[in-house]
Amino acid sequence: MEQLIRQYISAYNAMDVAGMMALLHDVIVFENVSNASGITATSGKAEFEALARQSLGVFRSREQRIRSLTLGERTAAVEIDYSAIVAVDLPNGLKAGQALTLRGVTIFAFSDGKISRISDYS
């Protein structure tokens, strides 16, 4: 599980959508719960991939860094430091070129040797 998480985060940081997709279960559920922008959710690989590709144009660069990682039997909790440079003006007031930093927690769940759920909280 830890190796899958590290591979996923590495692909995410490299903006490698194909690399991210290779690690996901067909029934992947994704949710992002943010104090600033509410809840974003997808169900299935097609929806996840569409969101992942859409987000490529939003950031000039982005990086997730693991602060801590706690493994369970079928889940893992990862404390994340997130930083990014915004590529375009966003509706929430962030402007192109502006830096964004967050700290959050991501819960991963696993099924059949793949990531089956990603829940981001920030």
Side-chain angles (χ1 to χ4, degrees):
M1 289 189 307
E2 182 175 349
Q3 182 180 359
L4 280 175
I5 292 167
R6 291 188 183 280
Q7 288 174 328
Y8 174 83
I9 290 174
S10 178
Y12 178 90
N13 289 346
M15 297 185 174
D16 176 6
V17 173
M20 294 164 53
M21 298 305 297
L23 304 169
L24 304 180
H25 195 281
D26 288 342
V27 295
I28 181 71
V29 172
F30 170 79
E31 63 181 349
N32 179 281
V33 180
S34 169
N35 287 332
S37 57
I39 298 172
T40 302
T42 66
S43 181
K45 274 184 132 175
E47 284 185 22
F48 183 95
E49 183 172 10
L51 180 63
R53 292 201 180 282
Q54 176 187 350
S55 72
L56 293 178
V58 175
F59 301 104
R60 209 177 280 165
S61 65
R62 63 186 187 189
E63 181 181 22
Q64 292 185 22
R65 288 181 309 281
I66 296 174
R67 291 180 61 83
S68 68
L69 189 147
T70 305
L71 297 172
E73 284 197 30
R74 290 190 171 158
T75 60
V78 183
E79 186 179 8
I80 298 283
D81 281 333
Y82 179 83
S83 60
I85 304 296
V86 178
V88 296
D89 293 349
L90 298 176
N92 66 4
L94 289 173
K95 301 293 183 196
Q98 191 171 355
L100 170 66
T101 57
L102 301 168
R103 180 177 289 174
V105 172
T106 301
I107 307 297
F108 290 89
F110 304 88
S111 181
D112 302 323
K114 299 272 188 170
I115 299 168
S116 59
R117 183 177 196 94
I118 302 170
S119 299
D120 289 330
Y121 301 94
S122 62

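Here, residue 1 is the first one in the sequence, and each next residue gets the next number.
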Please name the pair of heavy atoms, one in [X] and one in [Y], separated by the smallest distance, quoted to 0.1 Å.
X      : Y     : result
Ala96  : Asp89 : N-OD1, 2.8 Å
Ala18  : Arg53 : N-NH2, 4.4 Å
Gly19  : Ala11 : C-CB, 3.8 Å
Val17  : Glu49 : CG1-CG, 4.0 Å
Ala87  : Phe59 : CB-C, 3.7 Å
Ser119 : Glu31 : OG-OE2, 2.9 Å

Got a second to check how far [X]'s [atom1] is from [Y]'s [atom2], nearest 0.5 Å?
X      : Y      : atom1 : atom2 : value
Thr40  : Asp120 : OG1   : CG    : 10.0 Å
Leu23  : Arg6   : CG    : CZ    : 14.0 Å
Tyr121 : Leu102 : OH    : CG    : 16.0 Å
Ser83  : Arg103 : OG    : CZ    : 12.5 Å
Ile28  : Met20  : CD1   : CE    : 9.5 Å
Ile9   : Leu4   : CD1   : CG    : 11.0 Å

Cluster link [X] to [Y], ILVMFWY, side chain under 4.5 Å:
X      : Y     : answer
Phe30  : Met21 : yes
Val105 : Leu71 : no
Ile85  : Met15 : no
Val78  : Met1  : yes
Val27  : Phe48 : no

(request) Apply side-chain contact (heavy atoms from CB on, under 4.5 Å) to the pair Ile118 and Leu24, showing each step before the final yes or no. (result) CA-CA 10 Å; Ile118 302 170; Leu24 304 180; 4.1 Å; yes
Donor-acceptor pair, side chain of [X] and main chain of [Y], under 3.5 angstrom:
X     : Y     : answer
Asn92 : Leu94 : yes
Glu47 : Ser43 : yes
Gln98 : Lys95 : yes

(message) Side chains of Ser116 and Arg74, heavy atoms from C-beta outward: is any pair under 4.5 Å?
(response) no
(request) Could you give me the CA-CA distance, side-chain angles and deciding distance for Asn13 and Glu63, then say whether side-chain contact (heavy atoms from CB on, under 4.5 Å) is met? (result) CA-CA 5 Å; Asn13 289 346; Glu63 181 181 22; 3.8 Å; yes
(request) Could you walk me through whether Val88 and Leu90 pass the side-chain contact (heavy atoms from CB on, under 4.5 Å) test, one step at a time? (result) CA-CA 6 Å; Val88 296; Leu90 298 176; 3.9 Å; yes
(request) Under the side-chain contact (heavy atoms from CB on, under 4.5 Å) rule, what do Phe108 and Leu69 come out as? Steps first, then yes or no, please. (result) CA-CA 11 Å; Phe108 290 89; Leu69 189 147; over 6 Å; no
(request) Is it possible for you to check whether Arg62 lies under 6.0 Å from the centre of the six-membered ring of Tyr82, through NZ or CZ, and within 45° of that ring's axis? (result) no
